[in-house]
Amino acid sequence: MRAGGALVAGAKMAGVAALLFVALASGFFLLVGASPAPVLAALVEGAFGSGYALSESLVKATPILLCGLATLLPARLGLISVGAEGQLAAGAVAGTWLVLAAGSGAGRATLAAGVAAAALGGAALGAVVALLRARLGANETIGTLLLNYLPPLLIEHLVYGPWKDPASLGWPATVTFPDAARVPVFGGTRVHLGLVLGVALVLLAHAALARTRWGFALDLLRGSPPLAARSGLRFGPAALVVMALGGACAGVAGFADASALEGRLQVGVAVGAGYSGFLVAWLARGRVLWLLPLALLVGGLRAAGDNLQLTRGLPSATELVMQALLFASALVADRGRRAPVVLPGATA
Amino acid sequence: MTRSEDRTRSTRRSALTFACCGFAALVAFASAAPRAVAEGPLRVGVLIPGSKSDKGWMESGYDGLKRAEAKHGAKVKVSFVENVKFADMEQALTMLATKSDLVIGVGGQTEASVRKVAKRFAKVKFSVVGGNKGSQDQNVAQYDVRQAEIAFVAGAAAAMLSKNGAVSYVGGLEIPAIVNAGKEFGKGAKFVKPDIKYFESYTGDFDDVAKSKEATLAAIAQGADVHYHILNLGLRGMEQAAREKSTHIIGSYTDRCGTDPLYVAYSITGVGYQVEYAIDQLVAGTWKAEFKPFGLKMGPKSSDLKVCGGLSAEQLKKLDQIKADILAGKIQTLDS
Amino acid sequence: MSGAWDALAGGFAAAAMRSATPLLLALVGETVRQRAGVIDLGTEGEMLVGAAAAFAVTSTSGSPALGLAVGAVAGGALSLLHALLCVRLRCNQFASGLCVAMLGYGLSAFAGAGFVGQSIDTFAPVRWFGTPTVALALAAVPASAVALAWTRFGLALRAVGESTEAARASGLRVEWLQTVAVGIGGLAAGAGGAALSIDYAQTWAEGMTRGRGLVAVGLVIVARWNPVLTLPAALLFGGAEALALRVQSTGATASSHLLHMLPYATSLGVFILTCLRRRGAATGAPAGLAAVLNR
């Protein structure tokens, strides 16, 4: 398939999806008694209308970007993993554990170690699901979805229990991380280094998937299993690698957000980023670079939610509906495409 | 590798470079700090972390907001956001701060975020309803609800109202404010009836209906027939248990005597009163950055206990005496 | 010690059944769907819209029966989106389901925003079962088993689930049948959500199903797509939840948050065990569904 042709087709599809989204969103707003045009304008304003709004969109986009990778990497093998939500929580726990263990001796090395621990935590969760799929044939979508509920509960237990900061009089949280162990932020904003890391990982993944033997092996395993088998490639180890790598990305997202934004672990860290990451990966249709603008788009949508409440009186749940409508629009616009899609396509 | 692929690769490369530069530019643009504008009526922004119709803490705050709005008319313009998750609080507060002269956070869970945002908006005033002592920032006021104090009085009332000689308390999170209230409730009960049986438990979640129902049922199984609580949505579970087993509850925040036979008394905690106070102070120009304890000291709208019935005049007098003793310092209660 | 045992065991079966009821309703519905070859991850969203709609209606009308009915219809209506996306438009079933789940979560949060924390009048107790929803769920189990095994409609559904080509060749209207199956599942899921909000918890809170819908999808596999086995599967979850709640009241100082993991860990555990014993999630599945699960 020619690259140019794919680009045009992709643009057409994106256009159709965008139009459909605006139509559906407008329909929804009319249904709930709000006039669509000002609401959509408020959405855009809340997402990109000012320097601050943009910075908040970037803040929201950062974990979404990383969780998008967490979905997209397994998807290149044909695995549909929705586990980013649990993996980011697991990463947050692992990274926090390390920072707390370092105690007062924390330095820049602690930060790096924390990020590494977070990556390992998320990777472990991903690896478990990969093993279940490879060895037992346990469907990974169901496995990751069920597993998603456990790490956040672990965070609740730890933050309200053994890791609770005894000096915190208000809401429970862990002790504040020492400054050296916090992911740095840019200037006066809340945008943190995790964004740079995410962009770097996306570029790395793009290069690796497009140019290395590994990327080619993944394509083969997904597209032509008999040919892959004849070439000596095996599904199990490949699944393990992609799920672990994806999980690592999500894990880093969780820890980076916790340490940069709040400087401690709290219940509800980056909640929802996993599912938004899945959406973004799906919208990107397997093309890694598209994660960048799409994560910003969905991040902006999430950031605009509160603005909608304040300026148009709509409940904060509106942005969830918007995400779902965006998803639906993309699914509908995608139908009828017989050309091979990188993500697992239609069945039956 | 064909030539068209080469061209595509170079196109991709330049697209990539462009995208990277674009991204860097975005981040630079985004670093522009927000600006606050001030003119016209006094603007108040209120952050309600929960639901404004929760029949509890948040609703009391919302009612106070509405009362202040009605009272001051055109002099103030009040806006609010509700159902704000923890991770979004900082952003919501920043948004409110850019448009307000006074920002009010309804609940101790907003305090950490308020303090952070307050540092960036030195000219905006911030009030935390249900705040804690801590360090004093120049533009932040914390109002202490002193729930433990009124819990003592509630405990006394519960001991008087209990026919089995056993009372119980269910709290949500096990944080100092909630635990202290539980302790004081027990102390108040024992103050009236030294041999009273007292059960306290913490479900770990203010909103979990099933857990608080189970906790209440467990206490009822041990004989408790009057229950107190600091719960949010979880109160529904306590109600279900009490309804099933025909026991009674002491409600909180607002006086709703007569609306539900399940409730024999209500402790008043003026969350809304504190919101009103903040706005009143703003309008009068006397707003101060302070840690202000409310409680009984600030009057019946701030803290009180209303018994709906079932107590003799003498017993009611005793309750009044207890309140007076607390005010006079003869009875010491824990800080909220 | 006997006091603790009483606290733990007294009425345990009833508590487990009450806890399992919302899940069981959704589980039966999803079993019917999967037998027809469609897997719906959106069950969670359908349960949530059912819960929100039922609560809103009961709160405003005062009739829990009406609320239950409306809740079921709401779930069914949302499920039609899934049918549109994956039956008509042939989208990937997992993606379509997740889209429906997201939409259901958002819509229910939206609709329920004004009703958070309200109280309602619930069902009057029913003898033997406790509440009508328990009776409904228990009745749904044999009803679905009989319908699938012995009615023409059930046979047609099963044929579609085995092979859409063969079913089409023998004159069955495949898309229509699958849409109906999806709708039935949606009605059941909506009813399950309604049972949760107006009966079990008697309140509404955003996202209150907390994964029950997804557990239902997983437990269909554990029940080997057999409607009769949905009951023990649901009781596993319900029992774990009841146990978790009760351990606390015995005075044992276990963390309530860790205990809260029990139902999910149990469901995940049996899911894994099932795959272990049968060498794969799809063994024993309707052939058409196996293709979706194994890809």
Side-chain angles (χ1 to χ4, degrees), chain B residues 48-59 62 81-83 85 168 170-174 199-224 231-244 251 253 256 259-260 262-263, chain C residues 2-12 14-15 18-19 22 55 59 109-110 112-122 125 130-131 196-208 210 238 241-260 263:
Chain B
I48 301 176
S51 162
K52 69 182 195 291
S53 52
D54 72 345
K55 287 195 180 155
W57 177 285
M58 303 296 166
E59 183 164 334
Y62 178 71
V81 282
E82 57 164 337
N83 284 319
K85 297 195 181 62
S168 74
V170 176
L173 289 176
E174 247 180 292
F199 312 102
E200 67 182 292
S201 59
Y202 299 90
T203 60
D205 190 337
F206 289 106
D207 294 325
D208 195 309
V209 169
K211 282 192 199 158
S212 51
K213 180 175 180 178
E214 279 299 320
T216 310
L217 284 174
I220 293 174
Q222 316 242 40
L231 291 170
N232 196 10
L233 296 179
L235 179 56
R236 300 285 94 78
M238 179 178 271
E239 284 174 352
Q240 288 168 37
R243 206 166 283 141
E244 262 177 47
Y253 303 114
R256 294 181 212 269
T259 60
D260 191 339
L262 202 58
Y263 287 85
Chain C
S2 81
W5 178 248
D6 275 345
L8 198 63
F12 183 78
R18 286 205 57 190
S19 176
F55 194 81
S59 183
F110 201 96
F115 292 96
V116 177
Q118 306 298 317
S119 342
I120 47 156
D121 292 323
T122 186
T131 72
L196 184 67
S197 71
I198 59 182
D199 193 12
Y200 184 65
Q202 291 169 38
T203 188
W204 160 258
E206 191 180 301
M208 70 182 300
R210 298 220 212 170
E241 196 178 42
L243 184 68
L245 286 172
R246 280 163 174 242
V247 165
Q248 290 230 279
S249 38
T250 61
T253 50
S255 157
S256 66
H257 308 282
L258 287 180
L259 283 172
H260 208 48

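Every chain is numbered from 1, with letters handed out A, B, ... down the list of sequences.
- C/Ser256 and B/Thr203 make their closest contact through OG-O, 3.2 Å (heavy atoms, listed as atom of the first residue, atom of the second, distance).
- Expressed to the nearest 0.5 Å, how far CD of C/Glu206 lies from CG of B/Leu233 amounts to 11.0 Å.
- Heavy-atom minimum distance, C/Ser119 versus B/Arg236: OG-NE, 3.6 Å.
- For B/Glu239, the part sitting under 4.5 Å from any heavy atom of chain C is the side chain, from C-beta outward, and nothing else.
- Heavy-atom distances place both the backbone and the side chain of B/Ala210 under 4.5 Å from chain C.
- Both the backbone and the side chain of B/Lys211 come within contact range of chain C, judged by heavy atoms closer than 4.5 Å.
- Neither the backbone nor the side chain of B/Asn232 comes within less than 4.5 Å of any heavy atom of chain C.
- With a 4.5 Å cut-off on non-hydrogen atoms, C/Glu241 does not touch chain B at all.
- Residues B/Asp208 and C/Arg210 have side chains in contact (heavy-atom distance under 4.5 Å, counting atoms from C-beta outward).
- Residue contact with chain C, scored on non-hydrogen atoms closer than 4.5 Å, involves the backbone and the side chain of B/Ser53 alike.
- Here C/Gln202 is the residue among C/His257, C/Gln202, C/Met208 with the most heavy-atom pairs under 4.5 Å with chain B.
- B/Lys52 does not touch chain C: none of its heavy atoms, backbone or side chain, sits under 4.5 Å away.
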